[in-house]
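Notes follow the structure.
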Amino acid sequence: VRGMGDVAIGDLKVLGSSLYANREVALYQGSLLVDPDLDEIARYLPHPSREPDYRRGRSHAEFMTSLVRAGYRGGTAALRAALGEPTFKQALFLSSGARYVAYGGARGGGKSHAVRAKATYLGYEHPGIRMLLVRRTFPELRENHTSRLLDAYERLPASIRPRYSDSDKVFVFPGGARLKLGYCDSEDDVRQYQGQEYDVLFIDEATQLSETQFKWLNACVRGAGPYPKRTYLTCNPGGVGHAWVKRLFIDRDYRAGEDP
């Protein structure tokens, strides 16, 4: 640890931190440089008016490094190896910053894989984020997500591997992010999520759920945490939810409070 709260490799900064506090809340955050474009940081980030002694007037390019540049390739490379390279459509899904994102198409298009990949990347990018991933039935959830996430995470180094609690159906990431796995078979199953708060909701095969189930689940996406609030859906044509998914994402026929 160097300066007021930096983490350095030798005399090169790899993590910076900041603290915000008022009478009601205190927020401490750290930004770890895994594999950024350091030239872009140097281009757009002004030189600070105050600096730690160990910086010695160096520019950003001379002062900073990243885990990958320093030779620590376990994280980024291992994630890519475990999850694979995305297809063009998966990359569009993964890169979207919209509040609501839907990924449609026939079976076999890699939609469920894109959900697992997005949840995994968010879990590493945002320590403390809370996510909920839902399929209609528990057997579908276990087959399409629980077992496949466990298989993928087994290929990660133990030091960065999420821990799974079978009793709680939760993956906990090294930074404290949580991915809860759930199901919603009947109309009454949504009541188990009443009062819960999540930053991100994934509904895989959303056309298998009714509009009422969707609204109950989507109401869980709230909270004051400093994390993105997102709802991600995948869907096939047909099913009990075909009409409401088409209305929202194809026709864009929004009702009161729905316009994103």
Side-chain angles (χ1 to χ4, degrees), residues 1-86 90-98 117-131 152-153 155-163 171-179 199-200 223-230:
V1 178
R2 306 289 295 271
M4 294 295 293
D6 295 347
V7 173
I9 299 174
D11 64 349
L12 298 177
K13 178 180 177 179
V14 74
L15 180 146
S17 62
S18 63
L19 173 66
Y20 169 81
N22 60 29
R23 294 181 178 181
E24 298 179 351
V25 66
L27 173 64
Y28 181 83
Q29 69 87 29
S31 299
L32 177 64
L33 302 179
V34 178
D35 189 20
D37 187 333
L38 295 179
D39 292 334
E40 290 294 293
I41 295 176
R43 182 181 303 171
Y44 294 109
L45 187 65
H47 195 98
S49 58
R50 298 172 58 190
E51 62 179 41
D53 292 340
Y54 82 103
R55 180 164 186 157
R56 302 190 301 276
R58 290 177 290 171
S59 68
H60 291 311
E62 298 170 319
F63 176 57
M64 296 185 301
T65 189
S66 68
L67 292 182
V68 169
R69 182 173 290 190
Y72 295 89
R73 298 186 175 271
T76 303
L79 279 177
R80 290 173 179 165
L83 298 172
E85 293 294 331
Q90 288 172 340
L92 291 177
F93 177 83
L94 294 172
S95 63
S96 175
K118 185 64 179 181
T120 300
Y121 287 127
L122 287 173
Y124 284 105
E125 291 171 5
H126 300 282
I129 196 170
R130 295 172 57 86
M131 301 174 284
Y153 294 163
R155 297 194 287 271
L156 296 173
S159 60
I160 65 169
R161 187 181 302 153
R163 295 180 288 104
F171 283 96
V172 181
F173 290 76
R178 297 171 65 86
L179 173 61
D199 302 294
V200 178
Y227 308 110
K229 302 297 184 286
R230 307 270 173 79

Any non-hydrogen side-chain atom of [X] less than 4.5 Å from a side-chain atom of [Y]?
X: Pro52; Y: Lys13; value: no
X: Leu32; Y: Val7; value: no
X: Arg55; Y: His60; value: yes
X: Pro162; Y: Thr120; value: no

Worksheet item: Is it true that atom CZ of Arg230 has more than 12 heavy atoms of other residues, nucleotides or ligands lying nearer than 6.0 Å?
Response: yes
Discussion item. Taking CG in Asn22 as the centre, count heavy atoms belonging to other residues, nucleotides or ligands within less than 6.0 Å. Is the count above 12?
Written reply: yes
Closest non-hydrogen atom pair, [X] against [Y]:
X: Ala91; Y: Pro86; result: N-CB, 3.9 Å
X: Ala152; Y: Ala82; result: O-CB, 3.5 Å
X: Ala61; Y: Ala42; result: N-CB, 4.1 Å
X: Phe173; Y: Ala119; result: CZ-O, 4.2 Å
X: Ala8; Y: Arg2; result: CB-CG, 3.6 Å
X: Gly5; Y: Leu15; result: O-CD2, 4.2 Å

Could you state the interatomic distance from [atom1] ([X]) to [atom2] ([Y]), rounded to the nearest 0.5 Å?
X: Glu85; Y: Gln90; atom1: CD; atom2: CD; answer: 10.5 Å
X: Asp37; Y: Ser66; atom1: CG; atom2: OG; answer: 10.0 Å
X: Leu79; Y: Tyr153; atom1: CG; atom2: OH; answer: 8.5 Å

Worksheet item: What is the ring orientation for Phe63 with Tyr54, classed by angle as parallel under 30°, tilted 30 to 60°, or perpendicular over 60°?
Response: tilted
How would you list, by chain and number, every residue that makes a salt bridge (Lys or Arg N to Asp or Glu O under 4.0 Å) with [X], sequence neighbours excluded?
X: Arg58; answer: Asp11
X: Glu24; answer: none
X: Arg163; answer: none

Quick check against the 3.5 Å criterion: does [X] have a side-chain atom that pairs as donor or acceptor with the backbone of [Y]?
X: His126; Y: Tyr121; result: no
X: Asp199; Y: Arg130; result: yes
X: Tyr227; Y: Val200; result: no
X: Thr65; Y: Leu12; result: no

Discussion item. Apply side chain to side chain contact (heavy atoms under 4.5 Å, CB included) to residues Leu122 and Leu179 and explain how you reach the verdict.
Written reply: CA-CA 10 Å; Leu122 287 173; Leu179 173 61; over 6 Å; no
